[in-house]
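Handing you a structure now.
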Amino acid sequence: MLIFEQSKPGREAHGQTPQLASDEVTIPQQFLREDKPRLPEVSELQAVRHYTRLSQKNFSIDTNMYPLGSCTMKYNPRGVHRLASLPEFLQHHPLAPEKISQGFLACMYELQEILADITGMQEVSLTPMAGAQGELAGVSMIKAYHEANNDHGRIEMLVPDAAHGTNPASAVKCGYVVKEVPTDKDGDVDVEALKTMLGPKTAGIMLTNPSTLGVFERRIKEIADMVHDAGGLLYYDGANLNAILGKVRPGDMGFDVMHMNLHKTFATPHGGGGPGAGPVAANHRLAKYLPTPVVGKQKDQYVWLTKQERPESIGRMSTFMGNAGILLRAHIYARMLGHEGLKRASQFATLNANYLMHRLKAAGFTIAFSERRASHEFIVTLKNEAKEYGITATDFAKRLLDFGFHAPTMYFPLLVPECLLIEPTETESKEELDRFVDVMVQILEEAKTHPEILKTAPHTMPVKRLDDVRAARELDVVFSE
Amino acid sequence: MLIFEQSKPGREAHGQTPQLASDEVTIPQQFLREDKPRLPEVSELQAVRHYTRLSQKNFSIDTNMYPLGSCTMKYNPRGVHRLASLPEFLQHHPLAPEKISQGFLACMYELQEILADITGMQEVSLTPMAGAQGELAGVSMIKAYHEANNDHGRIEMLVPDAAHGTNPASAVKCGYVVKEVPTDKDGDVDVEALKTMLGPKTAGIMLTNPSTLGVFERRIKEIADMVHDAGGLLYYDGANLNAILGKVRPGDMGFDVMHMNLHKTFATPHGGGGPGAGPVAANHRLAKYLPTPVVGKQKDQYVWLTKQERPESIGRMSTFMGNAGILLRAHIYARMLGHEGLKRASQFATLNANYLMHRLKAAGFTIAFSERRASHEFIVTLKNEAKEYGITATDFAKRLLDFGFHAPTMYFPLLVPECLLIEPTETESKEELDRFVDVMVQILEEAKTHPEILKTAPHTMPVKRLDDVRAARELDVVFSE
Amino acid sequence: MPFIPHTDEDVKQMLVAIGVAEIDDLFDEVPANLTIDSLKNVPTGINEMQASVLFKEFGSLNQQVSCFLGAGAYEHHIPAAVWDLTSRGEFMTAYTPYQAEASQGGLQLIYEFQTMMASLTGMDISNASMYEGATALSEAVLMAIRSNRRNKARKVLLATTVNSNYRQVLDLIAAKQNIQFIELAYCQKQGTTLLSDLEKYQDEDIAAVVVQQPNFFGCLEDVDHITDWAHQKQALVVASVNPTSLALLKAPGKWGEQGADIVTGEGQPLGVPLASGGPYFGFMCCKQALVRQMPGRIVGRTVDSDGKQGFTLTLQAREQHIRRAKATSNICTNQGLLVTAATIYMSIIGPQGLKKVAIQSHQNLEYLKQKLAALDDIELVFNASNFHEAVIRLPIAAEKVVEKMLQHGILAGLPLHQDYSELKNSLLVCVTETKTQQDMDNYVACLQLSLNQIKKTSKKAAKV
Amino acid sequence: MPFIPHTDEDVKQMLVAIGVAEIDDLFDEVPANLTIDSLKNVPTGINEMQASVLFKEFGSLNQQVSCFLGAGAYEHHIPAAVWDLTSRGEFMTAYTPYQAEASQGGLQLIYEFQTMMASLTGMDISNASMYEGATALSEAVLMAIRSNRRNKARKVLLATTVNSNYRQVLDLIAAKQNIQFIELAYCQKQGTTLLSDLEKYQDEDIAAVVVQQPNFFGCLEDVDHITDWAHQKQALVVASVNPTSLALLKAPGKWGEQGADIVTGEGQPLGVPLASGGPYFGFMCCKQALVRQMPGRIVGRTVDSDGKQGFTLTLQAREQHIRRAKATSNICTNQGLLVTAATIYMSIIGPQGLKKVAIQSHQNLEYLKQKLAALDDIELVFNASNFHEAVIRLPIAAEKVVEKMLQHGILAGLPLHQDYSELKNSLLVCVTETKTQQDMDNYVACLQLSLNQIKKTSKKAAKV
Ligand SMILES: Cc1ncc(COP(=O)(O)O)c(C=O)c1O
Ligand SMILES: Cc1ncc(COP(=O)(O)O)c(C=O)c1O
């Protein structure tokens, strides 16, 4: 039942609304609204009940394992959430003078320092609000660099075919033409092909390493040199940073600029779709272009640095400084883990992925790059099963829901057919991984013997399989009676 | 799955436990423990997941209507919970000097005043931790009174047959002999029978008004006079106070001492079985016996009053002052509702009950005292249905669960056969009441046509009907592998 | 290992299963010359108890004040239930609802949100959120340019009364796309866009007009006129609005003859705390005809294989994960949790409630304006109608006054001359329903006192 | 009408259905001379926003201090997850799980709680909670008297080292039942029960012996000796213990040859905040043989009609709602929510974790004791082993010192002479794992300073 179907004209949660002495306003009629907006008219209890019940219809980290490749769905510590919700942070206005904002600014400054260390970069700007905005920042910085060099012919951004969709979309948003770089059979960038693509039009390349294929790009240094030699710059998509914390740094690999997804690597809750935070880090080449505001330190005081102090900055990306509360959470998380804990997170994320990969392989599944080490994730391809039993990766994924596992990422990267990209993260226990293997094996058995169980899955969710085609064709995106 | 079944030796939630420099202790061996207690060894995520999932297996006010007679399961405002959880209250030590406890003490003092007004009594002590402890306090005060009068022959406590089980149990706990007073056919106390029971042995009588039969005791003044004339005192069980706030007061009815259930009338959350708070209020006869501590005011300072200042007090009932946080919640709730809101709560609780009673009656259900006004609750008896269709009140109750309604109180009061005691409370909407009627009608239809559906209900809960007999016979109350 | 569940025994067994001796062997594909031993600038880990102490200390360095500052982020009462529910693990720790069947709670909630926002703005369609107000406006401008079929110009008229931070964000994002912004001047008396300025562009090709209501000064623009003017020029109207105000003010869908085309805004006032600037959320609504140009996620209602109602992400072919370089935007992760909070907020507050919030805020401002105007040294800068924000002129630099007022525990407002050099000594003051008459009287008294104190000190300084 | 959902139209329809003209008609059975018009001493209602302001003000009147006070309520670190989960509506707003099928979450949790408590205390059985520590002990004494078949005496030996507030509660509750308490003296040097005092009662009929471990002074009693002494006299041993200490100290089930018979305690240290004194919870465990005399609720594991595991309240025939006057206790509502918190706390902290908490607390005390003993004016009163609390003797009245220490933001401890007149100038000081070395050093420094200040003022006063 929709909340609107519980609505009744005239009902109001009086405990929450102002008690007006009069409803007089001095605003002329021409500006005023005449109709009542369609907000629900329900009691506080009705709202509480409705949304409590709705929440129970969701999978979440707090209820289910999410082996969602490229998403790093790990435990979101409750303590971090609690501390970021201290009233001193929550009730603080973003434009409050620096003098009364030292607590928040200090946290942000420390976070900048920590992230610079982790990435091996010179400087960090925290303002981008998600990975995609971090990409926009980074690519804009590359553009600013070439423009400062009067190098206006560099109109191409190279992106591997395995890249996340935001990479090409962000490049286009900065006015670049996107060129797809192919992948070789081992899952690495096809270096020979890349060579032929580089040239005076090359603005740069966007890479993820370990890549979204779950493997570490071994020739990264060579690639970096090639791109730099061609006059291009290297952008690092930090979505997979959880694989390499304290082990290897993008700055050391030769990247010039990058984003991080704090809502992945730094365990901030994903919130059913957001918010995230996508800080951007840059080396000596690009640091001055970082978006503002940045937090600086002058004597003992933390200060905002804006376009005034950083005139070459690409400028402002949001009204204030991005998703401040998410940044705060990432800072708390980083302080709790510490350098040793961050490193260990990547070690165990890698351990879990490799263990799972080996067990699934042993159980008869086809691994996409099975001779490679898994990074913190790996790919199962069901192309054989699809052919033999007529089932798809979707069918497999939907059936997993019935066993209480969120589905892995499906059909991404696009170049592996019928793929499941699996990332267990370090916070899942061996028992849970073993249970996942058992369930995968059981579903494989079902695929052989009763494929219709998969094709009609899920069976135990609040709804059965949904009709996506109808949703798009008979568009119903706003309720009306 | 039990949490113990997820336990693994050596696992620890390191983010939560102290980092010891050494595990040295100076305590001699004879005092030390050798074995490891059976606490779960799980990760923080495992614990979060386990208890999140467990919670989803509960009915609760936040998810379901609870027409649970005598329990007043109304909306527990979230704002109240939030304010009572302010760190200044939560981190405060109960033995902190008065000087640094003025905020808490002020709240408690105000609550005493508010409750005295609502009950029409002279003074209030907040310390009892639930209704039953309030009864113990009140009956102890009655005992103290007679003892102070050297009236040692008064060994009998009169309790109506419809009374709640705690009434006789509390009287016995104070060393009284319990005598049951019968109920007349209209649901009132059988005054003629009562007359014959009163005498020099009478210490007092414990009454609930409106009674647990859902009707107001009309001859209450007469009863009070009779009891007083016989030298006895009157105890008021305040469980049903939600029926009469701002309308009629126990003190005015002639009662000498009473408890309130703040976890009912004042909407503090029931917590899956507690905590509650059962403040006790007394008139001029008994006020000086009230249990300590009580909060007093001296000039502008709030102070603790203990046995030193109140030497005739029956004394202390808990280590500190009862369920402080629940008292605080009740105070916040009372301040939010105000005098007009409290009155309105009772008016609408009564409206809802009478509406539901009339609709169920019209739908063919048998109402226990159908010629009476319902107070905030009323009784449906299924004795006819039991005879005709072979179903019981339990069957009916269990079937209600399948429709998302918590069952009404069943088989209480004991004197009405196959009864359901129904209390909707003021925070349920008319739509919800109408839906309840529809479901009751549907179940009645099922009882006629497919009684087995009822007998095997519930069908949609995490478990089917449980074997209580086995639970008691093959006692398994502690997990062992 | 705060959050790692592995026992030593687990690790052993897992390494055996993989066939390596130790965990570090799993990194053997990383060129050895690239690896580091450890992070140097990250402190050692601490447990939650130590973190509590540490971050309470950080918190205590943020002074808590009585807030009369708005300028794009507004203090409102938020019912406790809003975040109690929003913080439930099932909402807070869920992923984007790509697996619809396992995300019906979140999806239905977004569908409800879309319905509420569409109605509040008077539009046909709402998406499931943008990052925040300024980026929502930028995306709207890009969308307007993309979708204006009749007019292929890349010039956009932009009112200078739009929040200056928003205009900076527009610069960054829209400039990369070769879009030219032309700023519309405002009337120094009214504080609203000079309608006469519009006429200058009567003969130019304009793709869109961007207007904010109430504008940055809290003044009410003549949106009917602007909208009609734009439409007669085939330009689209892109609006940035305050959602609270919409309970009281005309919905953008009703502006002029045809209504605004794309409506965006900062959703923060709908149940999101100030929180040092975020996370907030942007909303975006549009007319039906533009839906396929809409960036961001959209939830649709459909049926499952049993014909039962269900919800799912729809029109995904607009999005980057499907369309990549051809997507309507690069946005992926959005602000889902804030949408959750806003939806619950709107459900609890309801339509009358939100109107009362708006009215109370407005009445409070009118009261404060009167009291301030009665002070000798202070004048109201503009005489248009205001919503809950207004500009006052002080006898001295506004920064000085703001600093002084902090000593009284009051955050007095935003000095404007940085963003509007013509507005010397001016302060943007905001008041919402959270302030009582006593709070406002106290503001006025402290302001008087602060001015006196500053005068005295400067006189003394002058003497020396 | 903050929480009432009725519209005017609803009320009209409902009154018609009932057949009355107005709501007040529904009260027509209440004698008119008894009704009142309105409440006189209850203020007018306020909304949640106003209540927030009001109660934050009340809160601010409670000074926040660094707490070195224990005496029955202990400050421990509580993982945020504990109350995040405990406050979930499904736990917090559920009723007592009488409808087992609709309460499996709460019931399973209690079963897990019972298992944890039984193991922690080394007993066979645990109930589902009592009100708090003192009432749990009272109920245990009543239970001991009821269940001691071999010994029908109503005399109980009670160590004076039991928390004096507990002893007061025992007085109130147990005295009504004609039970006679005989107090056992303690050794002025050791701070523990004088074993020689026991011998005095060798020839008396004693039903039970009540002992607290660690005792009120934080000292460790010779529980083995006391237990064996009691058992040779057919007396039952009733223990009151600190649950945190049990991770480190011998479980009562292992005391002496046969172990204690009934074990109770204050559960607050297991994840419950100080909270001005409550709600806390009492726990009670016993030997298998005594289970039918146990007061309070007990959850049992059973099966449903499909044979599937499930949980339900069991042995209800002990309880007031079934047995009424013959019940084992009058307790009905207990402390379920606190049990929820404690169960989650114990799950997250785990056995090693709880032991670390105990060890850290103990080590901290030892450190503080050393530092304090090194001060000129201060001595340790007792020389028994302590857990995390100890008594120190000051040169002047402890109240004065406590008051002075508040000025340094420190709550220094509990002055003892009120409860133990022989312990002049004595202060019970507590330290748990929440205090750092720096906190303790600060305590010592401030104490020194406070003593000096007081001395100076009193010298001055003496001079005048
Ligand atoms: C590899 C990769 N790059 C970029 C992104 C985009 O990040 P965001 O969703 O934070 O905008 C994602 C998100 O899933 C990703 O997996
Ligand atoms: C009529 C009545 N009296 C007394 C009580 C006992 O109150 P408590 O459970 O708070 O001890 C109840 C509780 O249900 C009750 O309904």
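Reminder, nothing fancy here: chain letters follow the sequence lines and each chain counts from 1.
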Distance-only, no hydrogens or angles: does the Glu29(D) side chain make a donor-acceptor pair with backbone N or O of Val215(B) under 3.5 Å? no
Would you please test Arg465(B) and Asp304(D) for salt bridge (Lys or Arg N to Asp or Glu O under 4.0 Å) and show each step? CA-CA 5 Å; Arg465(B) 202 176 297 188; Asp304(D) 72 1; over 6 Å; no
What part of Arg323(D) is in contact with chain B, defined as an atom under 4.5 angstrom from a non-hydrogen atom: side chain, backbone, both or neither? neither
Between Gln99(D) and Lys398(B), do the side chains contain an N or O donor and an N or O acceptor separated by less than 3.5 Å? yes
Relative to chain B, which segment of Leu246(D) carries a heavy atom at a distance below 4.5 Å: side chain, backbone, both, or neither? both
Part of Phe311(D) lying under 4.5 Å from any heavy atom of chain B: both
Would you verify whether the NZ or CZ of Lys247(B) falls within 45 degrees of the ring axis of Phe27(D) while also being under 6.0 Å from that six-membered ring's centre? yes
When you check the side-chain N and O atoms of Thr93(D) and Asn76(B), is any donor under 3.5 Å from an acceptor? no
Just by distance, do the side chain of Glu101(D) and the backbone of Leu466(B) share a donor-acceptor pair under 3.5 Å? yes
Judged by modelled atom types alone, do Gln64(D) and Gln91(B) share a side-chain donor-acceptor pair under 3.5 Å? yes
Greatest number of heavy atom pairs closer than 4.5 Å to chain D - which of Thr17(B), Leu54(B), Val25(B): Leu54(B)
Contacts of Lys430(B) meeting side-chain hydrogen bond (donor to acceptor under 3.5 Å, both in side chains) (sequence neighbours excluded), chain-then-number -> Asp434(B), Gln13(D)
Any donor and acceptor pair, going by atom type alone, linking the side chain of Glu132(D) with main-chain N or O of Thr319(B) inside 3.5 Å? yes
Taking all heavy atoms of Glu428(B) and all of His6(D), pick out the closest pair and write down the distance. O-CE1, 3.5 Å
For the interface with chain D, which of Asp35(B), Val80(B), Leu475(B) has the highest count of heavy-atom pairs at distances below 4.5 Å? Leu475(B)
Checking Asp117(B) side chain against Lys40(D) main chain: does a donor-acceptor pair fall under 3.5 Å? yes
Which atoms of Ile349(D) come close to chain B, meaning under 4.5 Å heavy atom to heavy atom: side chain ones, backbone ones, both, or neither? both
When Met253(B), Met317(B), Glu135(B) are compared by non-hydrogen pairs under 4.5 Å with chain D, the top option: Met317(B)
Asn62(D) side chain to Gly103(B) main-chain N or O, any donor-acceptor pair under 3.5 Å? yes
Could you tell me which of Glu474(B), His263(B), Arg359(B), Met321(B) has the largest number of non-hydrogen atom pairs under 4.5 Å with chain D? His263(B)
If you count heavy-atom pairs under 4.5 Å with chain D, which of Lys143(B), Arg11(B), Arg372(B) comes out on top? Arg372(B)
Under a plain distance cut-off of 3.5 Å, with no hydrogens placed, do Asn41(D) and His339(B) share a side-chain donor-acceptor pair? no
Side chain to side chain contact (heavy atoms under 4.5 Å, CB included) evaluation trace for Val20(D) with Asn354(B): CA-CA 10 Å; Val20(D) 293; Asn354(B) 280 279; over 6 Å; no
Between Glu24(B) and His362(D), do the side chains contain a donor N or O and an acceptor N or O under 3.5 Å apart? no
Among all residues two or more places apart in sequence or in another chain, which pass the salt bridge (charged side-chain N to carboxylate O under 4.0 Å, His left out) test with Glu403(D)? Lys99(B)
Just by distance, do the side chain of Asn58(B) and the backbone of Gly106(D) share a donor-acceptor pair under 3.5 Å? yes
Where Cys67(D) and His93(B) come nearest, the two heavy atoms and their spacing: SG-CD2, 3.9 Å
Donor-acceptor pair, side chain of Gln347(B) and main chain of Asp24(D), under 3.5 angstrom: no
One option among Ile114(B), Leu83(B), Asp252(B) has the most heavy-atom pairs under 4.5 Å with chain D, and it is Leu83(B)
Is it true that Ser318(B) and Tyr131(D) share a donor-acceptor pair across their side chains at a distance under 3.5 Å? no
Backbone N or O of Phe89(B) within a donor-acceptor pair of the Ser276(D) side chain at under 3.5 Å? yes
Taking NZ in Lys254(D) as the centre, count heavy atoms belonging to other residues, nucleotides or ligands within less than 6.0 Å. Is the count above 12? no
With side chain to side chain contact (heavy atoms under 4.5 Å, CB included) as the criterion, how do Leu90(B) and Leu274(D) come out once you've worked through the C-alpha distance, each side chain's angles and the decisive distance to 0.1 Å? CA-CA 6 Å; Leu90(B) 270 197; Leu274(D) 289 173; over 6 Å; no
Answer yes if the ring centres of Phe412(B) and His321(D) are under 6.0 angstrom apart, and no otherwise. no
Look at the aromatic rings of Tyr280(D) and Phe320(B) and report parallel, tilted or perpendicular, splitting at 30° and 60°. perpendicular
Pick one of side chain, backbone, both or neither for Thr115(D), based on which atoms fall under 4.5 Å of a heavy atom in chain B. both
Distance-only, no hydrogens or angles: does the Asn330(D) side chain make a donor-acceptor pair with backbone N or O of Ala132(B) under 3.5 Å? yes
Any donor and acceptor pair, going by atom type alone, linking the side chain of Arg33(B) with main-chain N or O of Leu120(D) inside 3.5 Å? yes
Could you check whether Glu88(B) pairs with Lys56(D) (Lys NZ or Arg NE/NH1/NH2 to Asp/Glu carboxylate O, under 4.0 Å)? no
What part of Val291(D) gets closer than 4.5 Å to chain B, counting heavy atoms only: side chain, backbone, both or neither? side chain
